[in-house]
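Have a look at the structure below before the remarks.
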Amino acid sequence: MGEPNGYSRVLVVDFGGQYAHLIARRVREAERWSQIASPMEAEEVLAMADAVILSGGPSSVWEANHDAIALAAVESGKPVLGICYGHQLLAKVLGGRVGPSPRPEFGSTRVRVLDDGGLLRGFPGEVEVWMSHNDAVLEPPPGARVLATSEGSPVAAFEYDGRVYGVQWHPEVSHSWGGMLLLDNFLSIAGVPRDWRPEDLIGSLIDHIRSLVGDGVAIAAVSGGVDSTVAALLAKRALGDRLVPVFIDHGLHPEGEVEWVVRSLTSLGIPPRVVDASNRFFFELRGIVDPEEKRRVIGRVYGEVLREEAERLGARFLVQGTIYPDVIESGARPGADTIKTHHNVGGLPERLGLILVEPLRWFYKDEVRRIGRMLGLTDEIVEKKPIPGPGLAVRVEGEVTLDKVRIARVADRIVREEIEGAGLHRGLWQYFAVLTSSRATGVKGDRRSYGYVVAIRVVESIDAMTARVSRLPWVVLERIASRITGEIPEVTRVVYDITSKPPATIEWE
Ligand code: XMP
């Protein structure tokens with residue numbers, strides 16, 4: 001489907017800041033449809049926007065030349081909100097003074113509110129907000145009103161002409177007091193109606209799939225996760241029996257996973273065709289130790305198996321559960337570093353020669369969940385912990401062998417049983433075991449043994465972009481260690497990974 005039409009639209013111009021994504025998401029939480037665009041793309045879509053938000057960014061307003069888009073936004077006569085770098089940029093193009101801050105501010109910062117009407121309606125006299133800047137707006141643009149100030153930002157917020165606003169802090173970050181209130185105030189002043197409800201689109205998503213596929217046949221690559229399940233459910237409604245959900249068993253799933261996926265998808269009316277390709281995956285993974293190479297091989301073989309299935313079924317279309325962050329992360333930021341190759345994100349269809357159907361490519365995860373609930377998804381699926389596409393292959397260090405996967409599976413089951421048994425799983429993002437390639441000496445039954453080291457990883461996170469280690473009760477950790485060493489003869493030692501993300505990632509590979 002093209003973008004959702006008929007909704008009011010807030011344009012978020014992404015100057016490369018860490019939080020542009022989060023701004024767009026918060027706007028949608030405030031029930032307004034938002035779209036992210038690079039400064040280059042923004043000029044084109046500006047005309048269609050009802051309001052514009054200029055994001056933060058790593059540059060100084062004196063280095064990068066983004067004046068043109070800031071000016072265009074101001075001159076368009078539309079309501080504009082600048083955040084951090086966007087705030088400085090607006091001040092600059094309107095004739096204010098921007099320069100090195102007398103005291104750069106990073107992290108939690110106290111701000112004095114000078115005017116609690118309009119943008120800062122409902123704010124107390126002083127608030128703690130999240131800042132991250134070296135430059136600051138030192139003098140407001142002529143004719144602008146200063147709304148707030150801090151030690152390092154003489155003009156921490158300003159208003160110009162009743163429709164252009166700037167804030168030095170990051171209202172989109174949860175550590176900022178009243179972030180949603182500020183965004184909501186701006187959107188109300190801007191007159192952008194609350195009309196965004198993702199579930200209203202179900203009918204048009206179904207129509208769109210139908211018009212794309214015509215009387216053809218489509219396969220849906222399903223994993224049991226929320227995104228692919230919702231995409232397959234929509235396609236099922238559109239195509240009926242001409243939609244075949246396909247679940248590829250690469251032999252790297254946690255214990256019980258294949259059965260769980262089959263059971264839950266069947267109960268939703270989309271029983272998957274299970275293709276057991278495990279021998280092929282293990283064969284292709286022989287001798288491969290490099291983590292990225294492992295991911296690439298799995299991606300390639302996955303694509304091959306999918307293509308063969310499509311051929312067998314006479315399908316020309318592939319339904320995928322790609323969501324908006326996947327699209328943004330794999331395309332819109334050309335300078336971004338590839339941290340890990342996610343085989344289910346982008347890249348597949350070109351090689352596959354299948355026509356891609358991605359009904360969810362304009363949606364965030366929470367929106368997909370809302371759509372899913374409307375389609376009958378249960379909490380069990382909606383709240384399922386993510387399992388990486390390559391499965392246990394990235395939780396077994398070094399070469400992937402049948403034996404190592406067998407050990408990793410048991411360790412993983414023990415971790416799950418203990419954490420879920422203790423009722424701790426609700427607050428956690430993920431909890432799993434990693435079979436490391438380290439060995440350690442142990443003593444079992446009075447005999448020396450030299451076995452594997454298993455690492456336990458348990459993290460809390462909101463969106464997997466950052467994560468902190470869970471401070472699990474010792475008794476639970478000790479029980480996990482004692483069970484793993486007791487029930488798996490090949491393991492002599494269990495360690496707890498206490499590294500946050502960043503600097504570590506959540507998975508080990
Ligand atoms: P990292 O390890 O990058 O993981 O901090 C962030 C989140 O993404 C999951 N993950 C994947 N999910 N395909 C996926 O669908 C993949 O290839 C993949 N690799 C990592 C990981 O489990 C965590 O929740």
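Counting convention: from 1, in listed order, for ligands and their atoms alike.
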Can you check whether Val415 reaches Arg483 side chain to side chain, under 4.5 Å on heavy atoms?
-> no

Going by the order shown, which atoms of ligand 1 are within less than 4.0 Å of some heavy atom of Thr505?
-> 1 (P), 2 (O), 5 (O)

Should you measure from each heavy atom of Pro390, which atoms of ligand 1 turn up under 4.0 Å away?
-> 16 (C), 17 (O)

Shortest heavy-atom approach to atom 14 (C) of ligand 1 - which of Ala393, Gly299, Gly389 = Gly389

When Glu255 is tested against each of Arg409, Arg413, Arg416 for side-chain hydrogen bond (donor to acceptor under 3.5 Å, both in side chains), which residue passes?
-> Arg413

Test item: Arg373 side-chain N/O and Ile371 main-chain N/O as donor-acceptor pair under 3.5 Å | no

Can you list the steps and then say if Arg369 with Asp366 is a salt bridge (Lys or Arg N to Asp or Glu O under 4.0 Å)?
-> CA-CA 5 Å; Arg369 292 197 174 113; Asp366 48 332; over 6 Å; no

Minimum-distance pair of heavy atoms, taken over all atoms of Ala231 and Gly321 | CB-CA, 3.9 Å

Does even one non-hydrogen atom of Trp429 get within less than 4.0 Å of ligand 1?
-> yes

Considering only heavy atoms of Lys501, which atoms of ligand 1 have at least one such atom less than 4.0 Å away?
-> 1 (P), 3 (O), 5 (O), 6 (C)

So, for Tyr85 and His66, is the gap between ring centers shorter than 6.0 Å?
-> yes

For ligand 1, find out whether one of its N or O atoms is nearer than 3.5 Å to an N or O atom of Ile506.
-> yes

Any idea which atoms of ligand 1 are less than 4.0 Å away from a heavy-atom of Pro386?
-> 24 (O)

What about Arg295: any of its N or O atoms under 3.5 Å from an N or O on ligand 1?
-> yes

